[in-house]
Amino acid sequence: MILAEWKEAVFAAIARACRAAFHRDPEGLEAGFPPEVGLGDFAVACFPLARPFRMSPAEIAARIAAAASPEPPVAAIRAAGPYLNVALQPAAFFGASIAALRAAGDRLGNSAAGAGRRVMVEYLSPNTNKPLHLGHLRNAALGIAITRLLEATGHRVIPAILINDRGVHICKSMLAWQRFAGGATPASAGMKGDHFVGTWYVRYAIEAEKDPSLEPAVQEMLQRWEAGDPEILALWKTMNGWVYEGFAETYRRFGMRFEVVYYESETYKLGKDVIADGLARGVFTRDERGNTVFVLPEKPFGREKDGSPKRVTVLRPDGTSLYITQDIGTAIRKVTEHALDSSVYVVGSEQEHHFQCLFAILEALGFPWARACRHLSYGMVYLPEGKMKSREGKVVDADDLIEGMVELAAEEIRRRDPEGRLAAEEIRRRAETIGVGAIKFYLLRVRPAQSIHFDPAESISFDGFTGPYCQYAYARIFGILEKAAERGIAEESADFGRLGNPEETLLLRHLLQFPEEVAAAAAEFSPARLAVHVFNTARAFNQFYNRHAVLQAETAGLAAARLALIRATALVLKRGLELLGLEVLENM
RNA sequence: GCGCCUGUAGCUCAGCCGGAUAGAGCAACGGACUUCUAAUCCGUAGGCCGGGGGUUCGAAUCCCUCCAGGCGCGCCA
């Protein structure tokens, strides 16, 4: 039985008792968990009955409890002030719950809320002039997690990336390379391609300080690029190729996967037709200076100081595009090419206004899917010194951070393996999973709307509310399961009636809640919610583990029952971590 | 001027579509490894839930207002 079924059974038992006591049906009651496990397995507050029954909730609870004649699986109904606490028979509660969890298997947590819906999740949006940094990793962690959460709720998700591969900033690194690199390549420099190109972007900024002639040279290069100059295009392709090779390595390491790749060089001219069409249909207007503008509705956008409605320009008088022009075009292209029902954009909160405008415009243009589009907005990642400044080079480089975390994990693993029994390759494999998992969890554990104050000392910790803590709980369970298999303990002989101590009950509660937490995390676009739940589940397991023996339990039936309980726990931890984009380890 | 976000323990954060004494991690202090992995667990200490009003049987949660911080507000991306 799943949580909803238990709640239904509890409600039915209370309804029966209510009819016995008052000869009428209760309405508006909801079953939840009591604040302490000792009180019971489920709790129902009687406040909603106070008004219709014209009686105090405590009195109602007392009378219902007195009139109750519990039938299995309900063992007892007790009043506690205005609450009714319901105890279930452990054999049924644990047995049927664990059976349902195991039956779900790798589909545990899946639901059908989004069945049949196709949604594109666009995330990362890197520039090809410099390597990825910590901010990108928050974006990626969110993109990966939301992709999996939407898949778990039945959506067909198409992960996509839009690469900003053109513009002045790209030309800056090109110009610097052209002038100062002397033909160097990533291979000759022994650098990852994206880092190599990034050095020339930095070099440009340094040189431009000294030589004011570089700025016009960059502008000229951009014009030649737009004119299709073969020499410039060749350089552009070569350097972007280096960057993509470097990016691919980071994508792979961090677990990013894109089914569709959009290049801004291919999308930046999109949107003009739609704007022209919209202008003809009166969706847009021309302002006094010849800009094509969209008048924003007052409802969410407010008004200007002078009381006039706010506007957004969608096309310049000379017909050249703006950021939003191509975004309109790209949004439509996505939907037509992939038959989408909606689009999700994982982009920082500084662009909230932009996306509000974009969605409002798409809706005004008459696209029915516009209302379903969503900007998954997230806060800044601050360094101890302040906001990350890419031009000053004061960023946490993504590759450096990953490598640093993996190395720390490797040290920790070696510390636990003083005899050196583990092969270097195995240490590396585990360290990779732990290090990357630690970063992802650290970036996902707070709500997207919150800004993150990146604390290097705290971020490298594997204690407490962290990914490795959750992975460790899984590994501990796996160790027990392995030993149980060696000893041939059969879970079929489980005596679930022996379960029910506070630690076991609390653990079961977390397992039962898992599917609803997944559904809620997806619906709220909040992986943090799931991260909290996975951590709480791991904690509940560790508390159980420290107090009770599984293999050495008093009876074989109890050992088997506990084995079934922790096997279900392992399943929840694995599924939960996977949905967050983390992997589990069978040994740590 | 307007819009959005944030304000909860020393620090970082949950809880925010109202319900049992406001939770967790870190840091501090004190304990627990001949027993299934101590990357663990237990205990102690730490809170006018930014301030003030209101709605309600009941408010961290909803409404109003003020304060503080952040992001943004047509012709940048």
Side-chain angles (χ1 to χ4, degrees), chain A residues 32 34-36 39 43 45 47-48 50-51 56-57 80-83 85 125 127 164 167-169 264 287 289-296 298 300-307 310-318 320 322-324 326-327 348-354 356-357 377 379-380 382 387 409 412-413 415-416 434 438 445-447 449-453 455 457-458 461-466 468-469 471-473 475-484 487 528-529 531-533 535-536 538-539 541-553 559 562-563 566 587-588:
Chain A
E36 282 170 39
L39 293 169
F47 299 101
R51 213 180 291 275
S56 81
Y83 294 90
N85 290 319
S125 32
N127 291 350
N164 189 340
V168 277
H169 49 297
E264 204 194 307
D287 76 356
R289 280 177 239 173
N291 287 309
T292 305
V293 300
F294 179 74
V295 178
L296 296 164
E298 188 184 352
F301 294 96
R303 285 178 173 270
E304 296 287 0
K305 293 170 207 175
D306 62 7
K310 296 209 174 194
R311 297 178 288 179
V312 56
T313 299
V314 294
L315 204 61
R316 291 195 189 95
D318 63 0
T320 53
L322 295 153
Y323 180 49
I324 199 156
Q326 47 181 301
D327 258 14
S349 61
E350 67 274 13
Q351 292 198 34
E352 262 168 27
H353 181 257
H354 168 74
Q356 277 188 0
C357 292
S377 162
M380 307 248 171
Y382 292 96
K387 191 187 170 182
E412 193 72 22
I413 294 164
R415 202 167 61 74
R416 270 145 230 284
I434 295 164
R445 67 183 195 176
V446 302
R447 303 180 347 259
Q450 281 278 1
S451 53
I452 292 179
H453 297 264
D455 177 350
E458 194 195 351
S461 167
F462 298 148
D463 295 326
F465 187 18
T466 66
Y469 175 95
Q471 290 169 323
Y472 183 59
R476 281 178 134 183
I477 294 173
F478 193 83
I480 301 172
L481 295 178
E482 257 185 342
K483 282 210 167 53
R487 299 181 193 180
R529 180 176 180 142
V532 168
H533 188 259
F535 169 69
N536 284 334
R539 198 158 54 94
F541 165 74
N542 277 326
Q543 288 166 344
F544 161 80
Y545 176 94
N546 265 275
R547 198 161 293 175
H548 308 287
V550 176
L551 301 176
Q552 306 296 328
R562 283 182 175 163
L563 208 52
I566 66 167
N587 296 286
M588 272 175 78

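Lettering follows sequence order; numbering is per chain, from 1.
Taking atom C1' on both nucleotides, G70(B) is separated from G74(B) by 23 Å, rounded to a whole Å. Atom name C1', nucleotides C33(B) and C48(B): the rounded distance is 44 Å, in whole Å. Comparing the same atom, C1', in C13(B) and in G51(B) gives a spacing of 23 Å after rounding to whole Å.
At a threshold of 4.0 angstrom between heavy atoms, the contacts of F294(A) with the nucleic acid are absent. Note on P300(A): only backbone sugar-phosphate atoms sit closer than 4.0 angstrom, heavy atoms only; bases stay farther off. Within 4.0 Å (heavy atoms only), D306(A) reaches no atom of the nucleic acid at all. Base engagement by Q351(A) is indicated by at least one non-hydrogen atom pair under 4.0 Å involving a base atom. In this structure, L322(A) reaches the sugar-phosphate backbone alone: every heavy-atom distance under 4.0 Å involves primed, P, OP1 or OP2 atoms, never a base. When heavy atoms are screened at a 4.0 angstrom cut-off, V550(A) is found touching base atoms of the nucleic acid. Within 4.0 Å (heavy atoms only), A449(A) reaches sugar-phosphate atoms of the nucleic acid but no base atom. The residue H548(A) sits close to a base: some heavy atom pair falls under 4.0 Å.
A side-chain donor from one of N536(A) and R539(A) sits under 3.5 Å from a side-chain acceptor of the other.
The side chain of R539(A) contributes no N or O atom lying less than 4.0 Å from OP1 or OP2 of G23(B). Contact check, Q450(A) against G7(B): a side-chain N or O comes under 4.0 Å of OP1 or OP2. Contact between the side-chain N/O atoms of R445(A) and the OP1/OP2 oxygens of G25(B) is not found at any separation under 4.0 Å. At least one side-chain nitrogen or oxygen of Q543(A) sits closer than 4.0 Å to the OP1 or OP2 atom of C42(B). Phosphate proximity of G69(B) to Y382(A): absent, as no side-chain N or O sits under 4.0 Å from OP1 or OP2. At the phosphate of A77(B), neither OP1 nor OP2 sits under 4.0 Å from any side-chain N or O atom of Y323(A). For K310(A), no side-chain nitrogen or oxygen approaches OP1 or OP2 of G72(B) to under 4.0 Å.
Side-chain proximity of L551(A) to the nucleotides C36(B), U37(B), C41(B) is greatest for C36(B). Among the nucleotides C36(B), U40(B), A20(B), the one closest to the side chain of R476(A) is U40(B). The side chain of M588(A) sits closest to A39(B) out of C36(B), A39(B), C76(B). Closest to the side chain of K483(A), out of A20(B), A14(B), U37(B), is U37(B).
Judged by the 6.0 Å distance and 45° axis criteria, R476(A) is positioned over the aromatic ring of Y545(A).
A donor-acceptor contact under 3.5 Å is not formed by the side chain of D463(A) with the base of G25(B). Checked by distance alone, R415(A) brings no side-chain donor or acceptor within 3.5 Å of a matching partner on the base of A39(B). A donor and an acceptor atom never sit less than 3.5 Å apart when one is taken from the side chain of N546(A) and the other from the base of C41(B). Between the base of A20(B) and the side chain of N85(A) there is a donor-acceptor pair shorter than 3.5 Å. One cannot find a donor-acceptor pair under 3.5 Å joining the base of C2(B) and the side-chain atoms of R303(A).
For the pair G302(A) and F544(A), both in contact range of RNA chain B, the more 5′-proximal nearest nucleotide belongs to G302(A). Between N291(A) and I413(A), the residue anchored nearer the 5' end of RNA chain B, judged by the nucleotide with its closest heavy atom, is I413(A).
For C75(B), there is no paired nucleotide, since no Watson-Crick or G-U wobble pair has both relevant distances below 3.5 Å. Of the nucleotides present, none pairs with A22(B) by Watson-Crick or G-U wobble criteria with both distances under 3.5 Å.
The shortest side-chain heavy-atom distance between R416(A) and E412(A) falls under the 4.5 Å cut-off. Here the side chains of R562(A) and I480(A) are not in contact, with every heavy-atom distance at 4.5 Å or above. When side chains are defined from C-beta on, Y469(A) counts as touching N542(A), because their heavy atoms get closer than 4.5 Å.
When rounded to the nearest whole Å, the span between CZ of F462(A) and P of U40(B) equals 11 Å. The CD1-P distance, from I477(A) to A39(B), rounds to 16 Å in whole Å. Residue H533(A) contributes atom NE2, which lies 16 Å from atom P of A24(B) at whole-angstrom precision.
Expressed to the nearest 0.5 Å, how far CD1 of I477(A) lies from CZ of F544(A) amounts to 9.0 Å. The distance from the CG atom of D287(A) to the CZ atom of R311(A) is 5.5 Å, given to the nearest 0.5 Å.
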